[in-house]
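First up is the structure itself, then whatever we jot down about it.
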Amino acid sequence: MIKTAIVFGGKSPEHPISILSAKAVYKNIDREKFDVSLIAITKNGDFFSGEGAFEFLENGDKSKVKQVDCGIFKLFDVIFPVLHGPYGEDGTIQGMLDFLGVPYVGCGVEASAIAMHKGISRDLFKIAQIPQPEYIYLTKKEKEQGLKDALEKLNFPLFVKPCRGGSSIGITKVKHAEKFKDAVELAFQYDSEVIVEEGISVTKELEVAVLGNHNLIISPPGALIPGDEFYTYEDKYVETKTKFSIPAKIPKEVEIKIKSYAEKAFKVVKGKGMARIDFLYDENENKVFLNEINTIPGFTEISMYPKLMALCGFTFKKLTTKLIELALEND
Ligand SMILES: Nc1ncnc2c1ncn2[C@@H]1O[C@H](COP(=O)(O)OP(=O)(O)O)[C@@H](O)[C@H]1O
Ligand SMILES: [Mg+2]
């Protein structure tokens, strides 16, 4: 039996989504192969372990958990981080696990940190010649000049985003110059760096799942049409008027193009294990643009990543087994 710990919760605003994802992993993981423990991270960053870890994070019930320190990770053969956003998907916990010498599922420090940063990842996608929206990113100090440059170089509508965020938190679609400054201020509330992108006329958002270390399995794209002005937090988790179509009904040549961009994007950020790679598709112009790469995608049973991997023959159980095997592979 491989001693495995699922780590979830965490300090990011995506804490509640992480709990849902971790529950699905816990439910589906193969108990004949893996001896599974739970490690919950509170919103303050404290670690608690025990069979009541879900209840603890959900309603504060401490009866079946005990507080632990990060030395606990050394007790396991492998860690499955099911954490979304900063302090989970951004290389921080991965760095701690490398330091402790414990293998873990998914991307390493560099890929996690790069993929989390929408500006740095765009610089690399540019080097890899993957089509993407025009963009500018800036620190607080560069704000005044950055705002001028953005208004000069980019066409409305603009998307203003915290560089290291997720779940659409802090993102605004700006249609007119007078709303631009407020959008930038809002994004700076979530991060010290902000990216401004030219808006694409999206008719469908297309997402592909990547699985592997070297020989990659790349799923066919799945499509979603947001129920809101764009794919907002509300639309993702509250109102959920999004329409999904898995696999996406798109021309074969678009699918081939997207898969090749996904492979390039995964490789250029030095991806390992898994990622969900998201594209913006303008059907009228028949153009695709890379949006972002998520190194720990949503993992509930209805999430896009497991659904796309199911198209490639991976049940949820088989998928979790494969991810752990990839984590333990020596490369
Ligand atoms: N350049 C863009 N053009 C058009 N729509 C965009 C653009 N960037 C983001 N969006 C919309 O905003 C949503 C959230 O942006 P995204 O960069 O994916 O942030 P997050 O990491 O929070 O998911 C996307 O799913 C899409 O609906
Ligand atoms: Mg996104």
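These figures come from a predicted structure and were not determined experimentally. Note that ligands are numbered from 1 as they come in the structure, with each ligand's atoms numbered from 1 the same way. Side chains included, hydrogens not; waters and symmetry mates left out as well; all remaining heavy atoms used.
Of all protein atoms, those that are N, O or S and lie under 2.8 Å from the Mg ion (ligand 2) total 1.
No donor-acceptor distance shorter than 3.5 angstrom exists from the side chain of E263 to the backbone of S260, with no hydrogens or angles considered. Using modelled atom types, no side-chain atom of E134 and backbone atom of E197 make a donor-acceptor pair closer than 3.5 Å.
Residue K33 places its NZ atom among 12 or fewer non-hydrogen atoms of other residues, nucleotides or ligands, all under 6.0 Å distant.
Within 4.0 Å of ligand 1, the residues that place a heavy atom are K118, P133, F159, K161, G166, S167, S168, I171, E197, E198, G199, I200, V202, E205, F230, Y231, K236, L280, N291, E292, listed by chain and number.
Side-chain contact of D235 with T242: a donor-acceptor pair under 3.5 Å is present, judged by distance alone. No side-chain N or O of S168 forms a donor-acceptor pair with one of Y231 less than 3.5 Å apart. When only modelled atom types and interatomic distance are considered, D123 and Y135 share a side-chain donor-acceptor pair under 3.5 Å. No hydrogens or angles considered: a donor-acceptor pair under 3.5 Å links the side chains of S21 and H84.
A salt bridge links R164 with D191: the closest approach of a Lys/Arg side-chain nitrogen to an acidic carboxylate oxygen falls below 4.0 angstrom.
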Can you check side chain to side chain contact (heavy atoms under 4.5 Å, CB included) on F47 and C70, steps first, answer last?
-> CA-CA 7 Å; F47 298 116; C70 58; 3.8 Å; yes

